[in-house]
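Single-structure report; data block below.
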Amino acid sequence: MSSPEPSGRAELRRMRIYAIVDSIPLGRISTYGRVAEEAGIPRGARQVGAALRNLPKGRVLPWHRVINAAGKISHASPQQAHRQRKLLAAEGIRFGETNKVDLGTFVWP
DNA sequence: CTCGTGACTTTGT
DNA sequence: TACAAAGCCACGA
C-alpha cells in the first residue's frame with residue numbers, strides 16, 4: 001500500500017509549520033522566524049515562507065497572521081500583500097504610519 | 001556536487 | 001526610518 005500521506009522529512013516539517021500557524025489566535029500575529037523556532041527549525045524563516053507559498057490549495061490556514069521580523073508584510077506579489085493587509089485589518093491588527101505592526105502588542109507569545 | 005532562488009533576519013551606514 | 005550587503009537554509013535543475 002502506498003502511503004496516501006507522504007511523511008518525508010520535508011513534509012513533516014511543513015506539517016509542523018502548518019500546525020504552528022494554525023495555532024495563532026485571531027487578532028494576533030507571529031513572525032516567520034518565530035514560527036520556524038516553534039516548529040523546531042532555528043533560522044528556518046525562509047522555509048516557513050516557502051511552506052506557506054506551497055500551501056496546498058483548499059488548505060485553510062491563517063497564513064495572513066505571519067509577517068516578517070520588522071513587523072511588515074513580505075510578499076512576492078503586491079496583490080497578495082494587499083490582501084493580507086486587509087485580512088489583518090479585519091481582525092483588528094493596526095498598522096503604523098510606516099505600514100508596520102507593533103510587534104510588542106500583536107505578536108503572539 | 002555546484003548554482004540559482006526565495007512570503008527571512010541581522011547588521012551596518 | 002530606509003536601504004544595502006551578507007548570512008542562512010532547504011529545494012530543484
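All chains are named by letter (A, B, ...) in the order of the sequence lines, taking the proteins before the strands, and each is independently numbered beginning at 1.
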Exercise. Just by modelled atom types, is the A:I24 backbone N or O under 3.5 Å from a matching donor or acceptor in the A:R65 side chain?
Worked result: yes
Exercise. Within the distance-only criterion (no hydrogens, no angle test), does the side chain of A:Q84 pair as donor or acceptor with the backbone N or O of A:V66 below 3.5 angstrom?
Worked result: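 Yes; at least one donor-acceptor contact below 3.5 Å.
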Tell me: [atom1] of [X] to [atom2] of [N], nearest whole Å?
X      : N      : atom1 : atom2 : result
A:L103 : B:dT10 : CG    : P     : 11 Å
A:R53  : B:dC8  : CZ    : P     : 10 Å
A:I73  : B:dC8  : CD1   : P     : 12 Å
A:E97  : C:dA2  : CD    : P     : 11 Å
A:I17  : C:dA10 : CD1   : C1'   : 10 Å
A:R13  : C:dC9  : CZ    : C1'   : 9 Å
A:L61  : B:dA7  : CG    : P     : 17 Å
A:I20  : B:dC8  : CD1   : C1'   : 17 Å

For this session: Measure distances between side-chain N and O atoms of A:R46 and base N and O atoms of B:dC8, and say whether any donor-acceptor pair falls under 3.5 Å.
Result: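 Yes, a donor-acceptor pair under 3.5 Å.
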Looking for any heavy atom pair under 4.0 Å, which part of the strands does [X] touch: base, sugar-phosphate only, or nothing?
X     : result
A:A70 : nothing
A:A76 : sugar-phosphate
A:G33 : sugar-phosphate

For this session: Carefully, step by step, assess A:R94 and A:F106 under the rule side-chain contact (heavy atoms from CB on, under 4.5 Å).
Result: CA-CA 9 Å; A:R94 322 245 260 109; A:F106 297 105; 3.7 Å; yes
Nearest to the side chain of [X] - [options]?
X     : options              : value
A:T98 : B:dC8, B:dT10, C:dT1 : C:dT1
A:R43 : B:dC8, C:dC8, B:dT10 : C:dC8
A:Q47 : B:dT9, B:dG6, B:dA7  : B:dG6

Problem set entry | Rounded distance (nearest 0.5 Å) linking atom NE2 of A:H82 with atom CG of A:L87 |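 One finds 10.0 Å between NE2 of A:H82 and CG of A:L87.
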Problem set entry | Presence of A:K100 side-chain N/O under 4.0 Å of C:dT1 phosphate oxygens OP1/OP2 | yes
Problem set entry | Distance test, side-chain N/O of A:R9 to OP1/OP2 of C:dC9, below 4.0 Å |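 So the side-chain polar atoms of A:R9 never come under 4.0 Å of the phosphate oxygens OP1 or OP2 of C:dC9.
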For this session: Inspect the contact between A:E37 and A:R34 and indicate whether a charged nitrogen and a carboxylate oxygen are less than 4.0 angstrom apart.
Result: no
For this session: Take atom C1' in C:dA13 and the same atom in B:dA7, then report the distance between them in whole Å.
Result: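 These two C1' atoms come out 22 Å apart once rounded.
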